[in-house]
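Read the numbers this way: they start at 1 and go in the same order the structure lists the ligands and their atoms. Values in this document were obtained by computation on a predicted structure and should not be read as measured data.
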Amino acid sequence: MNITITHAPGETLAFAADELRSYLARMLPADAAMSVRLVTVPKAGSDAFAVDLSPVGGSIVGSSDRATLLGVYDALRMLGCRFLAPGRAHEVIPPVAPEAIRLRYEKTAAYFHRGVCIEGADSRENILDFIDWLPKAGFNAFFLQFRTPYVFLDRWYRHLNNPHAAPEPFDAADAEAVMDQAEAQMRRRGLMLHKVGHGWTGQVLGCDSLTWDSSPHPLAEDKRPFAALVHGVRDFYKGVPTNTNLCLSNPQARARFAVLVTDYARTNPGVDYLHVWLADEYNNVCECPACRESAPTDLYVALLNDIGRRLTAEGLNTKIVFLLYQELLWPPVRERLADPDRFVLMFAPISRTFASSYDLAAPRRAVPPYVRNRITLPAGLEENLAFLRAWQDVFPGDSFVYDYPLGRAHYGDLGYIHIARVLCQDIARLHEMGLNGYISCQELRAGSPNFLPNYVMGRALFDGGADFDALVNEYFQAAYGPDAPLALGYLAKLSDLQLCDYVNGKGPRMDPAAADKAGQALRLCGRLASDAAKHTGPFWSALRHHAEYGQRLAKALQLLAQGRDSEAHAAWEDMARYLRATERRTQPWLDVYRALDVTRSYTGL
Ligand SMILES: [Zn+2]
């Protein structure tokens, strides 16, 4: 075989060439000869590429080195490759005859921001496999939360929620080593790096703030004036630095915050998008007389402007991402962001329902009045959109949504068809919502029963929506083979019985309709388990495990919704035993730590 790939120098183009050569070598017959040029013609804006391939070769031209790599993977997909899940073991690479290679098309990504944010419990391999998968699925960004992703790695290596697995030694230095490897793999692929978000407020108060844990030390006296005054005291909020707000009218607190962010941007030039968020709790903003004179968002915007001025003075072009979340959903009253190009608006409707997609036809609502430390989070989609619209009236810059379909709600959809459809419809509506992309805050192992939702997410973000049913068929054919309709039949029926909001803790726990649905899901999972056992292959094997887990979860949900709490908890214990005992073989598919955490802490099992 004679495959020649030429390209200009550069790490990402060299990687793209290696990838194209390696896949074609597995697809083409031994006597094939092909010559392909990979070219980058830089162009601002969304990722774009042109593919021109014939039986003897041709070219793939991208608007950036990353876009050229995306073009390589897209061309491979057009030739029949299917990248079904993180991990190269889950790829379908078909043979192809050279004479069948006739591709000539151009594509521009519909949205600029297309990324995933790390959550859950993750091994080093989980993170690296996910980064490898991102561009294959059409994504261009990854978000490592905090200054290092220690907390997510620590949960895995300590095997939280699984007493069967012995904790492995893992410390902050190990997390930094994994982070360095992850960032190197991102650079290799030209992916955009998002970082931090949580932890700044704790750092201002003198803490490492790399987790949501309580501080082992009391608040230092010299930092006490910087902490928010809540119910008459300035201290860590419920002991947790990451959840503690600041006294942002205090010029020293604000300056310390701005210096920390500026120092970080200077010493981490590889960070493209630096997230500057406040506490990860609400109704705990400062009640001192000076802070009371301003809306919390006005003090936040003043801080952001201070940060922007410092970055500009140092010639740093790091983008600062600010967050519409909790108190900050209320737009500023007096302050405005002085340099809109510096900032990116991130809309985070964490309390939204996942029963349905955004309804843009509903009339615009008014934002409710802000009452200090007495807010309730908006649950309805119209209420959430009202806040976004009000912010868009005062901020004209770049923006994206930070959404959570694969964060908690997905455990309530045992079929994954429903949650995949909702996120597909949401993504199709982003332009109309005035948003230029989507970052999914999620477990990286959101793969039980399969990775369809993430697959649809990547494709819909690139294409600006998608023919959902066609994508589902494409995925199922590749994952389940000739009996794909059988798998789809079961999973579609399970999705008709979805309890996403119930599992997410929304609504009364005693709920006869939910109990009925869970009972039906229980019987359906029983039949699925025996039918899946008749098939082979990794996706059928994962489906069989999923059906066993699904029966146990559905049983627990049925009992809880019937008000039989202690029996429900016993059923949850049975599910936990099963998931813990089988975790080794299902590790890449299901985040056992998170599934148990959500069903206990949010569902109430
Ligand atoms: Zn204050």
side-chain contact (heavy atoms from CB on, under 4.5 Å) partners for Thr599, two or more places apart: Leu553, Trp572, Met575, Thr603, Leu605
N/O donor-acceptor pair under 3.5 Å between Tyr502 side chain and Arg509 backbone: yes
For Arg352, the option from Asp426, Asp501, Asp359 that meets salt bridge (Lys or Arg N to Asp or Glu O under 4.0 Å): Asp426
Ring-face cation contact, Tyr602 with Arg408, 6.0 Å cut, 45° max: yes
Number of protein N, O or S atoms [distance to the Zn ion (ligand 1) under 2.8 Å]: 4
Salt bridge (Lys or Arg N to Asp or Glu O under 4.0 Å) contacts touching residues 125-134 (sequence neighbours left out): Arg88-Asp132, Asp132-Lys136, Asp132-Arg189
Pairs flagged by salt bridge (Lys or Arg N to Asp or Glu O under 4.0 Å) wherever residues 298-319 is involved - sequence neighbours left out: Arg266-Glu314, Asp306-Arg310
